[in-house]
Structures are given as structure tokens and as C-alpha cells.
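Convention: sequence-line order gives letters A, B, ...; per-chain numbering from 1.
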Amino acid sequence: MERGKGYNKNEIERILTDLNMTGFQKKVLMYVYEIPKGETRTYKQVAEAIGHGGAYRAVGTVLKNNPLAPIIPCHRVIKSNGELGNYSGDGGTARKESLLRKEGAIK
DNA sequence: ACCGTATCAACTA
DNA sequence: TAGTTGATACGGT
């Protein structure tokens, strides 16, 4: 059941608040945190899901600043074109592709 | 296929 | 307060 993170949605919200994150930042991070394994979401879809439809650019800005990189599966967020986009984590976009392929989210 | 423009939020000076 | 940046999207040429 537990993947080893040991964090709950409530904990994430508490941490984000403690980091002085704005509502937009928290919405994006929490939504991405709830993306199920094997599923991928586009930046635009995430933006619309949190109520900021056209803020797909801002979504990328948030993930780039992503203070919870090891706990939030930011690698599940891709471009609307089906491309992976970019990734500021260790290994860069190559790592992102590897993770998504491993989960079966992509071919 | 390539380039330019549109749009939104956060960061820095 | 204003200017710049950025892990994008879409349309026109």
C-alpha cells in the first residue's frame, strides 16, 4: 500500500503552507500529487483542473520550483502534443521518459 | 516544418 | 511597481 513516502494530502497542504506557497502553487502541486500511476496529464489539463485554464505556463513555473520534487510525481505532467516537455529533475527529460515508460503511461 | 504571438503566475531589481 | 522568465499552446506562413 504505502510506497514509502508516508505523506498524505493533508501533510502536503501543510508543508506547502509552511513554505509560504500561494493558492495557485498549492493547487498545482496537490493535483499533480494525486495523479495515479500510469496516468499522464498535460500542463493545460492541470491548469484547467485547478480553475486557471489558460495558466499552463504558470503550471510549469510551479513545477520547476517544485519544493516537493521527491514526493510529487511531476514527471507525469507532459505537453499537450504528446511530447514529454522538459524536466528539471535529476537526469532531465531522459529520466522523465524512463519513468513514464516504466509505469506504462507511454509506449 | 518553422516562427511568432497569446496568456498566466512567480521571481528579481 | 515594472520588467523578465518559463517544464506551453495554437495559429499562420
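Here A:Thr61 does not reach the OP1 or OP2 of B:dC8: none of its side-chain N or O atoms lies under 4.0 Å away. Between A:Lys44 and C:dC10 there is a side-chain polar atom (N or O) within less than 4.0 angstrom of OP1 or OP2.
Between A:Lys64 atom NZ and B:dT12 atom P the separation is 10 Å, expressed in whole Å. For A:Gln25 and C:dG6, the CD to P distance is 16 Å, given to the nearest whole Å. In this structure, the NZ atom of A:Lys27 is 12 Å from the C1' atom of B:dA9, given to the nearest Å. Rounded to whole Å, the distance from CE on A:Met21 to P on B:dC11 is 8 Å. Distance, A:Gln45 CD to C:dA9 C1': 12 Å, rounded to whole Å. Between the P atom of C:dT4 and the CG atom of A:Asn65 lies a distance of 20 Å, rounded to the nearest Å. The distance between atom CD1 of A:Ile78 and atom C1' of C:dA9, rounded to the nearest whole Å, is 14 Å. Atom NZ in A:Lys79 sits roughly 9 Å away from atom C1' in C:dA7 (whole-Å rounding).
Tested against A:Val77 for a side chain to side chain contact (heavy atoms under 4.5 Å, CB included), the candidates A:Thr42, A:Val28, A:Val32 yield a single pass: A:Val32.
A salt bridge links A:Glu97 and A:Arg101; the closest N-O separation between the charged side-chain nitrogens and carboxylate oxygens is under 4.0 Å. Look at A:Glu34 and A:Lys9 and you find a salt bridge, because one of the NZ, NE, NH1 or NH2 atoms lies within 4.0 Å of a carboxylate O, short of that distance.
Note on A:Thr22: only backbone sugar-phosphate atoms sit closer than 4.0 angstrom, heavy atoms only; bases stay farther off. Among the heavy atoms of the strands lying under 4.0 Å from A:Gly54 are primed sugar atoms or P, OP1, OP2 only; no base atom is included. Counting non-hydrogen atoms under 4.0 angstrom, A:Ala58 reaches a base of the nucleic acid.
By the criterion of side-chain heavy atoms lying less than 4.5 angstrom apart, applied directly or through intervening Ile, Leu, Val, Met, Phe, Trp or Tyr residues, A:Val59 is grouped together with A:Leu16 in one hydrophobic cluster.
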Mind listing the N/O atom pairs, protein and nucleotides 3-6 of chain B, below 3.5 Å?
none

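Nucleotide B:dA1 forms a Watson-Crick or G-U wobble pair with C:dT13, both donor-acceptor distances falling under 3.5 Å. Within the shown strands, B:dC11 is the pairing partner of C:dG3 under the Watson-Crick or G-U definition, both distances less than 3.5 Å.
Of all nucleotides listed (C:dA7, B:dA9, C:dA9), B:dA9 comes nearest to the side chain of A:His52.
A donor-acceptor contact under 3.5 Å is formed by the side chain of A:Tyr43 with the base of C:dA7.
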Check against side chain to side chain contact (heavy atoms under 4.5 Å, CB included), A:Arg76 and A:Lys37: CA-CA 8 Å; A:Arg76 290 190 187 139; A:Lys37 177 185 173 187; 3.6 Å; yes
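The minimum heavy-atom distance linking A:Lys27 with A:Ile50 is given by the pair O-CG2, 3.7 Å. When all heavy atoms are compared, the tightest approach of A:Tyr33 to A:Pro73 is CA-CD, 3.7 Å.
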